[in-house]
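Here is the structure we will look at, set down as structure tokens.
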Amino acid sequence: MSNIQRGIAIMFLVIGLCALVLGAYLLLVPAIPPEFVGETQATIVDIAVSYGGMTMGERKRDVDHSVLVAYEVDGKQIKRELGAYTSGMYTGQVLDIQYDVREPGRINLPGGRKLGAIIALALGTVFVGLGVLLTKTGVPVHVNGQQVA
């Protein structure tokens, strides 16, 4: 195995292991410690849309949605940005949310981190698998149609 092949295999292994660690962290470490989780319902009061980034013709490529929700904790009305958006959200929609009882302004959607954890774990597994495969098989590396290793 050449140094180039070894370097590529190590790169895949490192990226894969980092993704696996991130996925495990997102899955195992809650955003709000369980003993401090409060639950309530929030109403979406506004969805602000902003456009940015590069353009293709007249169409903007980057679209960002900021979801503002209102909810009540201990008789106090609170408005905060949700920090998450899905295409099915609309103004007036009622959502179940979790908040930190020590700091009611910290909110999140229940189970919102699981999708990110699943994606990170899946990508990590693929990258580690490719890294191991490259170290075991010694697949030749081609650059511009020329075999370099």
Side-chain angles (χ1 to χ4, degrees), residues 1-44 46-69 71 73 78 80-91 93-149:
M1 175 182 279
S2 74
N3 286 339
I4 293 175
Q5 288 170 317
R6 188 173 293 111
I8 292 172
I10 289 171
M11 179 187 68
F12 274 102
L13 288 169
V14 168
I15 291 170
L17 290 173
C18 289
L20 288 173
V21 168
L22 174 64
Y25 175 81
L26 290 174
L27 195 60
L28 299 174
V29 179
I32 301 172
E35 64 270 18
F36 298 113
V37 171
E39 295 182 347
T40 190
Q41 290 190 321
T43 303
I44 297 176
D46 188 33
I47 300 176
V49 181
S50 60
Y51 301 92
M54 298 173 53
T55 61
M56 285 188 72
E58 295 297 314
R59 186 172 174 195
K60 301 281 186 178
R61 291 189 56 132
D62 292 336
V63 180
D64 187 38
H65 296 83
S66 298
V67 179
L68 184 66
V69 296
Y71 57 100
V73 174
I78 302 171
R80 288 287 184 270
E81 186 175 337
L82 184 58
Y85 172 79
T86 62
S87 60
M89 290 181 169
Y90 56 90
T91 302
Q93 182 179 6
V94 177
L95 305 170
D96 292 323
I97 63 166
Q98 294 176 332
Y99 65 92
D100 189 330
V101 295
R102 302 165 298 176
E103 188 181 335
R106 287 187 57 209
I107 59 173
N108 67 325
L109 292 171
R113 293 167 52 125
K114 285 185 182 169
L115 178 61
I118 291 168
I119 291 170
L121 290 170
L123 287 174
T125 302
V126 168
F127 272 78
V128 167
L130 286 172
V132 169
L133 184 68
L134 287 173
T135 58
K136 298 292 183 192
T137 62
V139 175
V141 176
H142 296 272
V143 175
N144 295 329
Q146 302 269 337
Q147 183 174 339
V148 294

**Item:** side-chain contact (heavy atoms from CB on, under 4.5 Å) assessment of Leu109 paired with Ile97
**Value:** CA-CA 5 Å; Leu109 292 171; Ile97 63 166; 4.2 Å; yes

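For Tyr25, the ring pair (Phe, Tyr, Trp, His ring centres under 6.0 Å) test picks out no residue, with sequence neighbours left out. Under the side-chain hydrogen bond (donor to acceptor under 3.5 Å, both in side chains) criterion, Asp46 pairs with no residue, sequence neighbours left out. Remark: Gln41 pairs with Asp96 by the side-chain hydrogen bond (donor to acceptor under 3.5 Å, both in side chains) rule, at least two apart or across chains. Taking the side chain to side chain contact (heavy atoms under 4.5 Å, CB included) definition, one finds that Leu121 meets it with Leu20, Leu27, sequence neighbours left out. Partners of Phe127 according to the ring pair (Phe, Tyr, Trp, His ring centres under 6.0 Å) rule, which considers only residues two or more places apart in sequence or in another chain, are Phe12. In this structure Asp100 satisfies the side-chain hydrogen bond (donor to acceptor under 3.5 Å, both in side chains) test together with Arg102, Arg106, sequence neighbours excluded.
Shortest non-hydrogen contact noted between Thr40 and Tyr71 is CG2-CD1, 4.1 Å. Contact detail for Ala117 and Gly23: the closest heavy-atom pair is CB-O, 3.5 Å. Considering all non-hydrogen atoms of both residues, Gln93 and Gly88 come closest at OE1-O, 3.7 Å. The minimum heavy-atom distance between Val128 and Leu13, with the atom names listed, is O-CD2, 3.7 Å. The two atoms that bring Glu39 and Tyr99 nearest to each other are N-CE2, 3.6 Å, heavy atoms only. Closest approach of Val69 and Ala42 over heavy atoms only: CB-CB, 3.9 Å.
Atom CG of residue Leu130 and atom OG1 of residue Thr135 lie 10.5 Å apart, to the nearest 0.5 angstrom. One finds the CD1 atom of Ile119 at 10.5 Å from the CG atom of Leu22 (value rounded to the nearest 0.5 Å). Between the NZ atom in Lys114 and the CD1 atom in Ile118 there is a gap of 8.0 Å [rounded to 0.5 Å]. In this structure, OG1 on Thr43 lies 11.0 Å from CG on Leu68, to the nearest 0.5 angstrom. Of the inter-residue distances, the one linking Met89 atom CE with Ile47 atom CD1 reads 7.0 Å to the nearest 0.5 angstrom.
Residues Ile78 and Ile107 fail the side-chain proximity criterion, which asks for heavy atoms closer than 4.5 Å.
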